**Q** 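Sending over a structure as structure tokens; questions will come in a sec.
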Amino acid sequence: MKCGIEIHQRLATEKKLFCGCSAQPSEDKPIATVERMQRAVAGELGDVDLAALHEYSRGRKYRYQIFPQTTCLVELDEEPPHSMNGEALEIAVEVCLLLNSKVVDEVEVMRKTVIDGSNTSGFQRTSIIGLGGFIETSKGRVGIEAICLEEESSGIVGEKAGEITYRLDRLGIPLVEIATSPDIKDAKHAREVAEKLGMILRATGKVQRGIGTIRQDINISVPEGARVEVKGAQELGLIETIVDKEVRRQEKLVKIKGELEKRFGKKRFEKPAVVEVTEIFKNSASKLLRKECLLAMKLTNFAGLLGEELYENRRLGTELSDYAVAKAGVGGIIHSDEKLEKYPISGEEVGRLREKIGAGAHDAFVLVAGDRKTCMRALEAVCERVLQAFEGPQNEVRKVLPDGGTSYMRPMPGSARLYPETDVPPIEISRKWVEGIKLPEMPEERKARLLKILNEELAEKIMLSENYPLFEKVVGELKVEAKFVATTLEETLVSLRREGVPVEKLNENKLMELFIEYKCGKFVKAAIPEILRRVSKNTGESISSAVEKLKLEKMGEAELRKIVEEKKKAGVSSKTLIQEIMREHRLRVDAEELSKVI
Amino acid sequence: MYSKEIQKKLKDLGVEIGDSVRVKRGDQVYEGILMPKEELGDSNAIVVKLSNGYAIGIKFEGAELEKLSGHRQIGFKSSDEKIKHIAGKPLISIISTGGTVASRVDYTTGGVQASYNASDLVSIVPELGSFNINSKFLFSMMSEDMTAEHWKEMAKAVYKELKTDTSGIIVTHGTDTMHFSTAALSFMLKDLNKPVVFTGSQRSSDRGSSDSFINMICSANFASKSDVAEVSLVMHGSSNDDFCYAHRGTKVRKLHTSKRDAFKSVNDEPLAKIFPDGKIEMTNCNYRKRCDGEVSLDDKLEEKVALIKTYPGMDPGIFDFYIGKKFKGFVIEGTGLGHVPTTIEGRSVIPKIREATKAGIPVCITSQCLFGRVHDFVYANLRKEFEAGAMFCGDMLPEVAYVKLMHVLAHSKDLEEIRKMMLTNIAGELNERTPVFEL
């Protein structure tokens with residue numbers, strides 16, 4: 001097996017890659033939409049890209065949602081790009097250095113043809129920042145092929161009847177793409193490599209966090225198989241399954257190819273005739289089949305093959321269906337290796353169908369329902385896929401399904417899809433500038449250092465947390481005890497979130513304010529959950545005012561003495577004194593100070 | 001362009017742009033196609049397109065270059081194929097003058113290259129295949145470089161096509177000064193009998209999202225099917241790819257630097273809405289209709305006309321400069337209703353208007369507001385301007401007044417006659433009433 005992965009990670013810059021819009025996706029509602037068409041155009045070397053043509057053949061309309069802070073005329077493809085975001089370039093160079101990659105002398109911004117509509121311009125701006133490099137893993141070195149800096153595409157909102165809606169807030173967020181060499185040994189290793197790259201990216205402290213901010217594409221091929229790119233794995237946990245299933249799919253397709261060679265020998269598979277069978281299903285019990293037009297096709301010598309399982313719940317028939325769905329937009333196809341009762345289709349109807357199209361016991365059939373034009377396109381797509389079965393697995397792009405399986409998406413794009421972005425000048429990279437870039441600590445070094453001040457569990461939690469920079473600041477500048485800071489940031493906040501407290505509203509400044517007030521002795525550790533509960537819901541309030549309103553100020557020495565005296569007078573024994581006071585005034589008393597007073 | 005040093009080295013090695021090369025620099029080895037260098041960037045770095053399609057720049061100093069076998073043609077090669085006319089399809093003429101529309105990216109310069117033969121056009125916009133096309137390459141220039149001479153050339157070329165049995169003419173044009181050209185041809189082609197449609201694009205046609213496809217398709221439909229025997233300008237009607245507007249050639253202006261719907265009708269309604277499927281909805285009933293009459297060409301222009309914008313603090317001496325250069329007419333782009341600096345001595349433009357008028361040089365007043373009409377009476381300062389001899393040009397656009405004055409001055413030297421001609425509608429440039437709503 002050969003396997004390599006591509007990681008796409010959004011960068012946490014203030015602005016987008018080629019305009020002044022905020023790089024934080026919008027939480028607002030869209031304020032307007034525009035509607036566009038796109039078509040295939042020639043690339044730099046005069047070829048029209050295959051993947052581009054494929055999308056064009058679908059003849060779709062695209063609707064783009066506009067958001068106030070994150071959409072300007074650049075995203076609308078109504079204004080040329082501004083110059084490249086220097087902050088993003090610096091982070092990309094930093095990533096190159098961390099991955100031992102050689103930074104190029106001059107960055108050439110390219111246009112990568114993309115006409116699934118996810119870019120309003122019809123292309124994605126992308127450029128190679130670094131070539132070569134490697135990471136060390138438990139199964140040896142894994143090479144890095146290239147590191148690119150590119151624009152994020154628009155987010156898909158929905159698709160209906162030939163129209164896809166995208167949101168433009170995401171378009172143009174800087175994205176680093178890391179492509180590894182095909183050095184990955186197995187499914188488990190793929191996960192390890194993805195995890196390791198993710199950790200290194202997070203170590204920069206300059207990448208976005210949360211769902212959708214990092215995606216993995218996986219390239220897989222088996223001997224006699226083909227290069228398949230599986231797109232859009234968002235969960236690390238799924239990577240092993242994806243690799244495993246794709247390997248099995250390709251291996252099975254190789255076997256099917258062998259079986260076909262056996263069945264056909266020197267005979268050629270003739271392109272089958274399309275036969276109209278609407279009449280047979282005129283009174284069908286299945287609503288699915290009482291359509292304007294039903295077309296069928298005989299697949300000579302294919303009996304049993306369409307039902308061959310590639311992996312759980314995916315058969316050769318599913319692959320045929322994928323093609324029909326992707327290229328003709330039908331809901332699916334019906335084939336002879338399915339349980340036809342489920343539609344329901346009666347034995348009698350099957351008999352009449354087989355008779356009409358001349359399908360014998362060795363033959364399979366495919367049936368589609370809908371309007372005539374769509375049905376014709378669907379059967380053409382099926383036929384194309386059937387012919388490919390004689391060649392084994394195909395080079396193609398597949399998308400991840402929730403179970404880790406994949407389905408056909410589009411043909412593998414060629415190099416024809418890249419040509420120069422003439423609106424952005426090339427960027428010279430000075431060696432001096434590169435050498436001056438301060439590199440973050442690598443995960444191993446950071447962990448070793450943190451283990452001196454934290455236990456292993458807390459060290460692991462905080463080292464890759466988005467709160468890490470804050471942790472360093474509080475511990476380093478305010479000299480607050482590390483364990484307490486880490487616990488507050490990684491445990492207290494998490495348990496409050498689980499309670500439903502909106503802690504995500506607390507920004508770094510607010511948390512910093514909390515530690516400053518703590519350091520000044522305004523309140524005790526035990527009061528923190530109460531304070532955070534209050535300010536999370538009311539972020540406008542200062543920490544000190546919240547403490548006052550909650551009456552959680554730390555007790556001063558005089559007050560403490562008074563309470564101790566009173567308790568003593570009341571006859572509380574010195575044994576239980578501390579316990580009792582702490583029980584009553586836990587949120588306001590520091591146990592250490594109390595014992596000093598006593 | 002590559003530096004002299006690199007060019008020499010390439011020559012010595014017999015390496016040409018488009019050749020497969022191997023570049024060694026230190027321990028790094030790169031293989032790919034040698035690409036041309038844009039005018040921008042480091043001329044000492046060579047650009048190599050790798051097998052994955054990406055290009056990178058490699059510092060040439062200390063690098064070893066080796067020629068490998070293999071060569072790619074960079075850029076677009078015009079097709080030699082001739083497309084035969086098929087009976088039954090409407091015949092249109094396409095005259096190409098440059099700009100982004102119906103052109104291909106020229107990777108040698110990073111710019112766009114006009115492609116002008118019919119089969120090239122059809123290869124870019126397949127929908128044009130439903131027309132028989134007479135294509136003519138006139139020039140390939142950016143519209144900011146155009147002069148009155150080019151307008152004359154264009155008028156002649158269009159006139160020649162009008163004499164054929166074409167059903168309409170399309171002129172592809174850079175967008176920046178397209179509205180000057182439409183105005184010029186509106187005055188130069190008398191008694192038009194067929195549509196003459198100018199079109200362009202705001203996004204180059206190398207990208208899938210280009211507006212050029214729909215602009216071309218709508219122009220072809222408007223030129224072949226519409227009843228409008230005027231010079232019009234057809235471009236996107238909105239930011240959507242849904243329809244185009246046909247604007248009257250004397251009532252249109254580019255009002256945005258980069259948007260698809262940059263052109264708007266000013267002080268007039270657009271003539272028609274055109275949909276990519278060929279449907280045409282007339283939005284203005286006041287237009288010249290197709291007819292069998294004879295068109296005539298009147299391409300005389302007086303080029304010594306200046307268009308001057310007034311602004312706070314301007315130096316009126318600019319008029320002396322032009323008068324000294326023997327200019328024959330002025331169009332002033334005044335403020336508001338047509339004001340010029342009036343009362344402060346040494347800053348007032350009024351004496352200049354008086355001087356020019358006395359010398360027989362017409363001074364025409366338009367407004368930099370663009371929308372609305374100028375007025376010669378509502379303020380005292382306007383009256384002073386009028387009394388000095390200025391001609392107030394109603395709702396005419398400054399650019400149109402500029403072109404019209406060139407046309408008028410080529411036909412008369414008499415100030416009163418010039419005034420009469422300037423203030424009489426010739427080609428839809430002057431409207432007596434201003435529409436209430438902008439479309």
Side-chain angles (χ1 to χ4, degrees), chain A residues 33-46 52 55-56 61-63 73 76-80 102 104-115 117 119-123 126-129 131-132 145-146 148 179 413-420 422 424-429, chain B residues 25-28 30 33 35 37-42 44-47 49-60 72-77 104-105 107 109-112 123-126 202-210 213-214 238-242 256-262 276:
Chain A
T33 64
V34 293
E35 195 187 293
R36 296 275 170 75
M37 315 278 275
Q38 285 187 15
R39 58 172 68 205
V41 288
E44 174 181 17
L45 297 172
E55 287 298 331
Y56 179 52
K61 229 188 238 176
Y62 305 107
R63 184 173 293 282
L73 289 185
L76 279 180
D77 188 40
E78 289 279 37
E79 183 176 298
K102 169 91 171 54
V104 299
D105 296 325
E106 187 175 75
V107 174
E108 312 285 334
V109 181
M110 309 290 287
R111 297 172 170 179
K112 188 196 270 182
T113 310
V114 181
I115 64 163
N119 291 65
T120 42
S121 54
F123 51 75
T126 174
S127 46
I128 287 190
I129 308 297
L131 283 167
E145 281 188 349
C148 298
S415 58
R417 68 199 298 229
L418 279 145
Y419 64 105
T422 44
V424 181
I427 302 150
E428 210 183 318
I429 304 282
Chain B
R25 191 161 187 274
D27 54 352
Q28 302 285 319
Y30 309 96
I33 300 166
M35 297 299 287
K37 185 87 191 182
E38 294 178 55
E39 64 266 54
L40 296 162
D42 178 3
N44 288 311
I46 56 171
V47 181
K49 188 176 170 78
L50 307 173
S51 63
N52 61 9
Y54 279 91
I56 57 163
I58 307 161
K59 273 251 186 275
F60 195 62
R72 282 300 301 254
Q73 165 80 28
I74 307 288
F76 170 66
K77 209 167 157 259
R104 289 247 162 131
V105 168
Y107 295 95
T109 60
V112 285
S123 81
I124 302 171
V125 189
Q202 290 281 80
R203 300 271 87 79
S204 57
S205 34
D206 63 291
R207 52 175 92 194
S209 62
S210 172
F213 310 114
I214 288 175
S238 77
S239 186
N240 302 318
D241 285 326
D242 46 3
H256 198 279
T257 58
S258 58
K259 282 183 78 182
R260 286 166 171 73
D261 56 344

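Proteins come first, then strands; the chains are lettered A, B, ... in the order of their sequence lines, and each starts at number 1. Predicted model, so just to flag it, every value in this text is computed and none were measured.
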**Q** To the nearest 0.5 angstrom, please state how far the NZ atom of K112(A) sits from the SG atom of C148(A).
**A**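 Nearest 0.5 Å value for the NZ-SG distance: 6.5 Å.
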
**Q** Could you look at V34(A) and say if it's the side chain, the backbone, both or neither that has a heavy atom under 4.5 Å from chain B?
**A** both

**Q** Below 4.5 Å from any heavy atom of chain B, which atoms of T126(A) appear? Answer side chain, backbone, both or neither.
**A** both

**Q** Under 4.5 Å heavy-atom distance to chain A, tell me which part of Q202(B) shows up: side chain, backbone, both or neither.
**A** neither

**Q** Examine the side chains of R207(B) and S121(A) and answer whether a donor and an acceptor come within less than 3.5 Å of each other.
**A**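 No, no side-chain donor-acceptor contact under 3.5 Å.
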
**Q** For chain A, which candidate among A45(B), A55(B), P276(B) shows the most heavy-atom pairs at distances under 4.5 Å?
**A**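 The answer is A55(B).
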
**Q** Could you pull out the closest heavy-atom pair between I58(B) and R25(B), with the gap in Å?
**A**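 Of all heavy-atom pairs spanning I58(B) and R25(B), the closest is CG2-CD, 3.8 Å.
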
**Q** Please determine, among E106(A), E145(A), M37(A), E78(A), the option with the most heavy-atom pairs under 4.5 Å with chain B.
**A** E78(A)

**Q** Heavy atoms only, distances under 4.5 angstrom: which of I427(A), V104(A), I129(A), I128(A) has the most pairs with chain B? Name it, please.
**A** I128(A)

**Q** Can you tell whether the side chains of D42(B) and K37(B) come within less than 4.0 Å, N to carboxylate O?
**A** no

**Q** Is chain B contacted by the side chain of E35(A), its backbone, both, or neither, given a heavy-atom distance below 4.5 Å?
**A**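 Contact with chain B is through both the backbone and side chain of E35(A).
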
**Q** Atom CG in N44(B), atom CZ in F60(B): separation rounded to 0.5 Å?
**A** 9.5 Å

**Q** Return the minimal non-hydrogen interatomic distance between S210(B) and R203(B), and the atom names on each side.
**A**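 Looks like OG-O, 2.7 Å.
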
